[in-house]
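Read the structure below first, then the notes.
The structure displayed is predicted, hence computed values, not measured ones.
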Amino acid sequence: MNKDKIFKLAKGFRGRAKNCIRIARERVEKALQYSYRDRRTKKRDMRSLWIQRINAGTRIHGVNYGNFMHGLMKENIQLNRKVLSELSMHEPYSFKALVDISRTAFPGNKNVVHAPKKEGLSMLV
């Protein structure tokens, strides 16, 4: 890369990393490596977040994430995790309808035992 392009990419860096060509070149190369790596990490993190949101939404209705997804697969409902997480947050009635469809499709969803709710200090006494 030529000097102008490196300085343009190094704009906003601290210290001599923004105006000394040798240091700027090293910092820019490292920054580009970080950006390449983190574009993939971002996809992983978002998928993990969507799964957590779906799991929270399904557990409210007495189904866990794996059984919910298996039931949707059996019913051939092809909604991706991003859409399902948005439904669980912003459209609870639509999401409950999907949970009900999944529950009827997969028998493992029917016999879910809820854990007893903890009642603060009464559990300690």
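Taken from OH in Tyr34 to CZ in Arg37, the straight-line distance is 6.5 Å, to the nearest 0.5 Å. The CZ atom of Arg44 sits 9.5 Å away from atom CZ of Arg40, with the distance rounded to the nearest 0.5 Å. Within the model, atoms CD1 of Ile6 and NZ of Lys8 stand 13.5 Å from one another, a figure rounded to the nearest 0.5 Å. Note that CG of Leu84 is 10.5 Å distant from CD1 of Ile51, once rounded to the nearest 0.5 Å. Atom CD1 of Ile77 and atom CD1 of Ile101 lie 4.5 Å apart (nearest 0.5 Å). To the nearest 0.5 angstrom, Glu86 atom CD is 10.0 Å from Asn80 atom CG.
Contact of the Ile54 side chain with the Leu87 side chain is not registered, since no non-hydrogen atoms from C-beta on lie closer than 4.5 Å. Using a 4.5 Å heavy-atom threshold, the side chains of Met73 and Met69 count as separate.
Among Arg81, His70, Arg59, the one residue that satisfies the side-chain hydrogen bond (donor to acceptor under 3.5 Å, both in side chains) test with Tyr65 is Arg81.
Judged by the 6.0 Å and 45° rule, Arg39 forms no cation-pi pair with Tyr36.
A donor-acceptor distance shorter than 3.5 angstrom exists from the side chain of Thr58 to the backbone of Val63, with no hydrogens or angles considered. A donor-acceptor pair is defined here as one N or O able to donate and one able to accept, closer than 3.5 Å; no such pair exists between the side chain of Asp38 and the backbone of Thr41.
Smallest separation of non-hydrogen atoms from Ala105 and Gly71: CB-O, 3.5 Å.
Residues meeting the ring pair (Phe, Tyr, Trp, His ring centres under 6.0 Å) test with Phe95, sequence neighbours left out: Phe68. Annotation: salt bridge (charged side-chain N to carboxylate O under 4.0 Å, His left out) contacts of Asp100 (sequence neighbours excluded): Lys96, Arg103.
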Return a table of donor-acceptor pairs under 3.5 angstrom between the side chains of residues 11-27 and protein atoms on other chains or two or more places apart.
| from | atom 1 | to | atom 2 | distance (Å) |
| --- | --- | --- | --- | --- |
| Lys18 | NZ | Gly15 | O | 3.4 |

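Both Phe7 and Met1 sit in one connected hydrophobic cluster of ILVMFWY residues. Membership requires side-chain heavy atoms under 4.5 Å apart, directly or through other members. Placement of Val99 and Leu79 within a single hydrophobic cluster is found when ILVMFWY residues are connected by side-chain heavy-atom separations under 4.5 Å, directly or transitively.
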